[in-house]
Novice: 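Quick one: the structure is below, questions incoming.
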Amino acid sequence: MATSTAARSMLFRYASPATFYPLAGRLWPWFAAAAVVLALAGLAIGLLVAPTDATQGDAYRIIFIHVPAAWMSMFIYLVMAFYAVLTLGFNTRLSAMMMRSLAPTGAMFTFVALWTGALWGKPTWGTWWVWDARLTSELILFFLYLGFIALQSAIDDTRRADRAGALVALVGAVNVPIIYFSVKWWNTLHQGASVSLTRAPSMARDMLLGMLLMAIACWMYSIAVALVRVRALIVERERDAAWLREAGAAD
Amino acid sequence: MSTLAAILRFELLLAWRRRSALATTLGFFVIVASLFPLALGADPKLLRLIGAGVVWVAALLATLLGLARLFAADHEDGTLEQLRLAPLPLPLAVMAKLAAHWLLTAVPLCLAAPILGLQYGLSQGAIGVLVAGLLLGTPVLCLVGAVGAALTLGLRASGVLVPVIVLPLEVPVLIMGAGAVEAQASGLGAGPWLSLLAALFIVFLVAAPSVIAFALRISSE
């Protein structure tokens, strides 16, 4: 009981921009360094060690960025929805800022997943794009990110922008399963499984290792970028606060 | 209950005094649906294939038209403030407003859809499913759209923002509605798709008014 209250007071302590700002400043270089090291290791294994795929040749190697990007695009939306709940439920300013700092990274990863998917699809499937269920729902996820960013940047009042953005992120998160299943059923009725993404043979160990390293690297990168961005947002919003001027003098 | 009826009557009367605005939505719907044969050619087989999809896309776009203004006038002249202060819960007031909006903008579309279906050479059964789907689906479009309208209340860019926010969320309705007609045409039966649409309708009918009311509170704080 005592530990849980201590943990909770720690959490609440860092929910304040004044305490989180220096913490984020100390943490982000570590996350950035981890991202670089892991990405180098992942790429080395992926491009040099992992064997050539028997059916796809070397074109498969794009999965070392494609799969982590696709994972991150979905995961970041979930994290945004989590911060949206905190924003609406506890009215914390920092969670709204975190939500806002994550959105561009999520949109970027969604775009990378679509882009690299097209680059992989051309040599493997012979086409840049198919209206497959996964591709289509990833595309709609991209639109959801765009809608969120467009709404937030169109509202000048920060409190309203935060709360409106949180609501739209939540509505989107609730809708994602509905969208995914409707697209899936639509796809299976329309064109049958001419191309299947799920028949991938079990992966060689080195392939899996490279992919996991890259996934963790992307994760670390997302955290680092979000922390840098949230620091910028804190400075922008709290520019008149006394603590910030003191922190600025200390830096 | 009487407040609810009063809001409904008031909205209907207001809209009736501005009849031309209603005709505009219907006209837009018919024009958009008529553009496709001009662009794609008038091959009857092709038209029968794309008919339901075209009507649904046109309906999706047409319901967007009035949305940006849905709460705007009430926001500007203070009616929204009064509704927030009224003893009637805001979600119910929102529901009454939306019911009026749906009756006046979406029901005409549903009534005009059979004519467009005939233009595209759809069979009688397919047209029946199309109208049934539109009757179930357009309330969902209004409810989802109203969330976007409430969130963008009073913003300069609201006209552009509403479609960007709302259209991705409306994809399931489009898929289910057009899918129902196609399933009917291919002999599979439209039952499952219409049931899904009905389920979506019920879920949104229960959940959306509170979300819209919450969004209105965020926007008019």
Side-chain angles (χ1 to χ4, degrees), chain A residues 77 84-85 87-89 91 96 103 107 110 131 133 136-192, chain B residues 49 53 137 140 143-144 146-183 185-186 188 190 192-193 196-197 199-200 203-204 207-208 210-221:
Chain A
Y77 201 85
V85 172
T87 305
L88 295 177
N91 234 335
T110 321
W131 288 96
T136 314
S137 28
E138 186 77 5
L139 183 67
I140 294 171
L141 183 66
F142 185 56
F143 295 156
L144 289 180
Y145 274 117
L146 290 190
F148 174 87
I149 295 172
L151 179 67
Q152 281 226 314
S153 49
I155 305 177
D156 295 329
D157 176 52
T158 45
R159 185 177 150 80
R160 182 179 164 190
D162 287 347
R163 290 164 64 78
L167 190 66
V168 121
L170 263 188
V171 171
V174 171
N175 259 283
V176 161
I178 302 179
I179 293 173
Y180 176 75
F181 281 107
S182 64
V183 169
K184 198 173 159 184
W185 294 328
W186 158 73
N187 170 265
T188 47
L189 271 186
H190 260 249
Q191 59 164 43
Chain B
L49 268 179
V140 182
L143 287 162
V144 177
V147 177
L151 282 173
T152 56
L153 193 61
L155 298 181
R156 244 168 298 145
S158 64
V160 200
L161 269 177
V162 172
V164 173
I165 295 171
V166 160
L167 281 176
L169 301 175
E170 289 180 341
V171 166
V173 183
L174 175 72
I175 288 174
M176 290 169 189
V181 182
E182 185 150 323
S186 62
L188 285 169
W193 287 109
L196 278 173
L197 259 184
L200 209 59
V203 169
F204 275 87
S210 312
V211 177
I212 298 164
F214 188 62
L216 282 174
R217 282 184 210 283
I218 290 176
S219 299
S220 58
E221 230 161 33

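Naming: A, B, ... by sequence-line order, numbering from 1 per chain. Keep in mind it's a predicted model, so treat the numbers as computed, not measured. Any value given below was found using the heavy atoms of this structure, including those in side chains, with hydrogens, waters and symmetry copies removed.
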Novice: Using heavy-atom distances under 4.5 Å, tell me whether B:I218 contacts chain A through its side chain, its backbone, both, or neither.
Specialist: both
Novice: Keeping the roles fixed (side chain from A:S182, backbone from A:I179), state whether a donor-acceptor pair exists under 3.5 Å.
Specialist: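 Yes; judged by distance alone, with no hydrogens or angles, the pair exists.
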Novice: Given that the side chain runs from C-beta out, which part of A:D157 has a heavy atom under 4.5 Å from chain B: side chain, backbone, both or neither?
Specialist: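 Contact with chain B: none, neither part.
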Novice: Between A:L88 and B:F214, is there a side-chain heavy-atom distance shorter than 4.5 Å?
Specialist: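 The answer is yes; the side chains approach within 4.5 Å.
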Novice: Only one of B:V164, B:V147, B:V160, B:I165 forms a side chain to side chain contact (heavy atoms under 4.5 Å, CB included) with B:T152, so which one is it?
Specialist: B:I165
Novice: For chain B, find which of A:N175, A:V176, A:V171 contributes the most heavy-atom pairs closer than 4.5 angstrom.
Specialist: A:N175
Novice: Run the numbers on B:M176 and B:V171 for side-chain contact (heavy atoms from CB on, under 4.5 Å), then give the verdict.
Specialist: CA-CA 9 Å; B:M176 290 169 189; B:V171 166; over 6 Å; no
Novice: For B:L167, is it the side chain, the backbone, both, or neither that has a heavy atom closer than 4.5 Å to a heavy atom of chain A?
Specialist: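 Contact with chain A: none, neither part.
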Novice: Hey, which of A:L170, A:L151, A:V168, A:D156 has the most heavy atom pairs under 4.5 Å with chain B?
Specialist: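 Sorted descending by pairs with chain B, the first entry is A:L151.
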Novice: Using side-chain heavy atoms (C-beta onward) and a distance below 4.5 Å, is B:L169 in contact with A:L144?
Specialist: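 In short, these two side chains touch, coming nearer than 4.5 Å.
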Novice: Given a strict heavy-atom distance threshold of 4.5 Å, which part of A:L167 is in contact with chain B: side chain, backbone, both, or neither?
Specialist: side chain
Novice: Could you look at B:I175 and say if it's the side chain, the backbone, both or neither that has a heavy atom under 4.5 Å from chain A?
Specialist: side chain
Novice: Given the options B:L153, B:V166, B:V173, which has more heavy-atom pairs under 4.5 Å with chain A than any of the others?
Specialist: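 Greatest number of close heavy-atom pairs with chain A: B:L153.
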Novice: B:L174 versus chain A, heavy atoms under 4.5 Å apart: side chain, backbone, both or neither?
Specialist: neither
Novice: Is any side-chain heavy atom of B:E170 closer than 4.5 Å to one of B:V140?
Specialist: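 Heavy-atom side-chain distance check fails, nothing below 4.5 Å.
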Novice: Could you tell me which portion of A:L141 (side chain, backbone, both or neither) has an atom closer than 4.5 angstrom to a non-hydrogen atom of chain B?
Specialist: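 No part of it gets close to chain B.
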Novice: Against chain A, work out which of B:P192, B:G148, B:A215, B:P168 has the most heavy-atom pairs shorter than 4.5 Å and name it.
Specialist: B:P168
Novice: Walk me through it: do B:R156 and B:L161 pass the test side-chain contact (heavy atoms from CB on, under 4.5 Å)?
Specialist: CA-CA 9 Å; B:R156 244 168 298 145; B:L161 269 177; over 6 Å; no
Novice: Under 3.5 Å, is there a donor-acceptor pair between the side chain of A:R160 and the main chain of B:S220?
Specialist: no
